[in-house]
Amino acid sequence: MPNFQEKALVQAHEQLAPDIFRLTVHSPQIAQASAPGQFVMIKSSNTSDPLLRRPFSIHDVTSGGMLHLLYKVIGKGTRCLQNLSPGEQTDLIGPLGHGFQFSVQEPACLLGGGMGIAPLLYLAKSLQNVSSPRQDHQILLGARTSVELAPLVDDFQQLGYTVQAATDDGSLGHHGFVSELLEEVLPSVRTVYVCGPHPLMAAIARQCQAADVPCQVSLETHMACGLGACLGCTIYAPDKSYRHVCKHGPVFDANEVLWTL
Amino acid sequence: MDAVKTIPKADLQVNIGGLPLRNPVMTASGTFGYGREFENLVNLHRLGGIVVKGISIQPRPGNPPPRIVETSSGMLNAIGLENVGIERFLTEKVPYLKTLRTKVVVNILGDSLDEYAYLAEKLSGHEGIHALEVNISCPNVKKGGVAFGVDPEMAKAVTAAVKTATDLPVMIKLSPNVTDIASMAQAVEQGGADSVSLINTLIGMGIDTSSRRPKLANVIGGLSGPAIKPVALRMVWQVAQAVSIPIVGIGGIETAEDAIEFLLAGATAIQVGTANFYDPQATEKIITGLHQYLYEQKEICVRSIIGTIRLGSST
Ligand SMILES: Cc1cc2nc3c(=O)[nH]c(=O)nc-3n(C[C@H](O)[C@H](O)[C@H](O)COP(=O)(O)OP(=O)(O)OC[C@H]3O[C@@H](n4cnc5c(N)ncnc54)[C@H](O)[C@@H]3O)c2cc1C
Ligand SMILES: Cc1cc2nc3c(=O)[nH]c(=O)nc-3n(C[C@H](O)[C@H](O)[C@H](O)COP(=O)(O)O)c2cc1C
Ligand code: FES
């Protein structure tokens, strides 16, 4: 699989919510080679602290070689990213890892929690090109509050999808976890794609297994390289052997992952 | 950058105890996979050498996660020497490595003298394997490694065992987690080492204060990256006073200036480790920067700057 290191100019940097940003960079090589569920490693500063690149899902790819990332500010690296202005240069490596398998079974449910929503937009867009009428797909999105979720719900609606929302505080859609919305739609879908906090993915994986519906999860681990070289990004497979998230993943069949120890 | 292209190319060739390199820039074990991981991002043919991930007789699964954590200007790792084992290395990795026009150094690790000797013998006589680097110092594995790297007699014994088992040039990789690095270097020189490389990672740890848990599942791990460079440089300089075999400097090197510091301190070549992760172009930039530096210093050959640190007052 080809990957590239690209110096990419920042085209736009939007603040969607207090700590949530959408970064658009001109990165034609990476954009052209990417598939939904793949990620990039971005250098968040030119100094040696923070030292390592940070992994981010490819949120969207648009014409003219534009690559979009959606991120939440949580620590040193993302605080540095936040300072990028249009016209400035970033340094990206990508596309990395294996993305979603989306030629398989229709219709699908796309379920995202928090920043796990990021890769699902690109997936939702790509599904339109290969699949059944978009109304048949179920989009379930969850976050803490309406402030964080509403702008993301909007993106999917603009693609023509109907979205079911859930918020922890009930300020938008269902008051509670997004996983609680799955029960009802599960009988009508044939694949579930999920990305979000680990406990959410574990819960969804269990539900899907019980209902015998194939489920693909996009996992996060700390990464030093993203290239399969450092061997730092391990998770357990059910037989307790290790898998490397940057290489075998980040998208896995939920049955390939050991959810509890 | 344009200026760099027009300067005359200096002679960058060096010889590491019987291993001739086209330039003194190598990649460090465990930070460059088996080379291929970087094929799209680095011109592998341009490198002086590639040191592959440490190989043991049996495949090793490595440590439980989390295995890595970032620190100020560095990182801690407790990978636990995960590797595919010698059989798969020879059948799956060597065919690609031998297509490269660069020297390939295989890093080996074992639990006993016999294992080291077995690996050395098995790896000899293959097209595409040009030297061995012996890891006697990995701090991550509870058995093995550690004992050899911190005891001069054991270190000497491993060196001798490997030397007897192979005709390949043998580079012994020293652990920095000792009180007297110079005596360790002397011990392996006496054991017959063709060269020494240093440093491996410094043992460290980190704690997550909210959960009160260690940040690494293994609790302790190896510190690498720019944070360790001053320590590595000091050790290379001390070893340079103590032995006459060539030295390969490792530790926090990311720029040509870093590399040159090691050469001035007495290293004949260098390895780039952690920097490959965040700046895959680091090795190529160092090669370019070496030409530039030699030109500016009016030197035509990299060998003439090795160990030329000027001590005493500047007059
Ligand atoms: C494949 C993949 C895709 C991702 N996609 C997105 C995305 O689209 N949007 C988004 O907001 N976040 C995403 N993340 C998480 C994102 O990488 C982290 O939030 C980010 O690295 C935090 O960096 P920091 O320096 O601000 O935080 P700090 O906590 O200061 O980081 C310290 C170290 O921990 C690592 N780290 C901390 N949290 C995570 C995490 N959740 N996952 C991996 N490493 C972490 C950092 O990379 C860094 O090495 C993704 C992670 C992975 C592995
Ligand atoms: C993730 C990781 C894995 C490593 N694996 C090995 C290994 O298998 N064998 C070995 O001799 N050294 C290993 N090292 C040590 C490096 O080769 C090098 O000695 C050390 O990281 C210091 O150099 P640096 O600061 O440039 O990274 C590893 C280092 C890192 C960061
Ligand atoms: S992040 Fe380095 S191997 Fe996966």
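Computed from a predicted structure; not experimentally measured. Below, chains carry the letters A, B, ... as their sequence lines are ordered, and counting in each starts from 1.
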Colleague: Does any backbone or side-chain atom of B/Pro61 lie under 4.5 Å from a heavy atom of chain A? Answer side chain, backbone, both or neither.
Modeller: both
Colleague: Select one option (side chain, backbone, both, neither) describing which atoms of B/Thr31 are under 4.5 Å from chain A's heavy atoms.
Modeller: backbone
Colleague: To the nearest 0.5 Å, what is the distance between CG (B/Asp279) and CD (A/Gln5)?
Modeller: 6.5 Å
Colleague: Could you check whether any side-chain heavy atom of A/Ser48 comes within less than 4.5 Å of a side-chain heavy atom of B/Tyr278, counting everything from C-beta outward?
Modeller: no
Colleague: Using a 4.5 Å cut-off on heavy atoms from C-beta on, say whether the side chain of B/Leu41 contacts that of A/Leu227.
Modeller: yes
Colleague: Less than 4.5 Å apart, side chain to side chain, heavy atoms only: is that true for A/Thr221 and B/Pro65?
Modeller: no
Colleague: For the residue pair B/Pro226 and A/Leu51, establish whether any side-chain heavy-atom pair is separated by less than 4.5 Å.
Modeller: yes
Colleague: Name the region of A/Lys76, side chain, backbone, both or neither, that has any atom closer than 4.5 Å to a heavy atom of chain B.
Modeller: side chain
Colleague: Does any non-hydrogen side-chain atom of B/Ile68 lie less than 4.5 Å from one of A/Leu52?
Modeller: no
Colleague: Side chain from CB out, backbone as N, CA, C, O: work out which of these in A/Met223 comes under 4.5 Å of a heavy atom of chain B, or both, or neither.
Modeller: backbone
Colleague: According to the ring-ring contact (aromatic ring centres under 6.0 Å, His included) rule, which pairs have a member within residues 212-232 of chain B, sequence neighbours left out?
Modeller: none
Colleague: Among B/Glu82, B/Glu254, B/Gln281, B/Glu39, which has the most heavy-atom pairs under 4.5 Å with chain A?
Modeller: B/Glu82
Colleague: Quick check: are there more than 12 heavy atoms from other residues, nucleotides or ligands sitting under 6.0 Å from CD of A/Gln209?
Modeller: no
Colleague: Quick check for you: to the nearest 0.5 Å, what is the distance between A/Thr234 atom OG1 and B/Asn63 atom CG?
Modeller: 8.5 Å
Colleague: If every non-hydrogen atom of A/Gly232 is compared with every non-hydrogen atom of B/Arg67, which pair is closest and at what distance?
Modeller: O-CB, 3.8 Å
Colleague: State which residues pass side chain to side chain donor-acceptor pair (under 3.5 Å) with A/Glu148; sequence neighbours excluded, sorted by chain then number.
Modeller: A/Lys72, A/Arg144
Colleague: Within the supplied structure, the quantity of interest is the number of heavy atoms (other residues, nucleotides, ligands) at a distance under 6.0 Å from A/Glu88 CD; does it exceed 12?
Modeller: yes
Colleague: For A/Asn83, does the CG atom have more than 12 heavy-atom neighbours from other residues, nucleotides or ligands under 6.0 Å away?
Modeller: yes
Colleague: So, for B/Phe38 and A/Ala229, which heavy atoms are closest and what is the spacing to 0.1 Å?
Modeller: CE1-CB, 3.6 Å
Colleague: Measure the CG-CG distance between B/Leu81 and A/Leu231 for me, rounded to the nearest 0.5 Å.
Modeller: 10.0 Å
Colleague: For A/Phe177, does the CZ atom sit with more than 12 other heavy atoms under 6.0 Å from it, leaving out its own atoms?
Modeller: no
Colleague: Mind ranking B/Glu37, B/Met75, B/Glu70 by heavy-atom pairs under 4.5 Å with chain A and telling me who comes out on top?
Modeller: B/Glu70
Colleague: State, to 0.1 Å, how close B/Pro280 and A/Arg53 come at their nearest heavy-atom pair, and which atoms those are.
Modeller: CD-NH2, 4.2 Å
Colleague: Is the number of heavy atoms from other residues, nucleotides or ligands within 6.0 Å of NE2 (A/His98) greater than 12?
Modeller: no
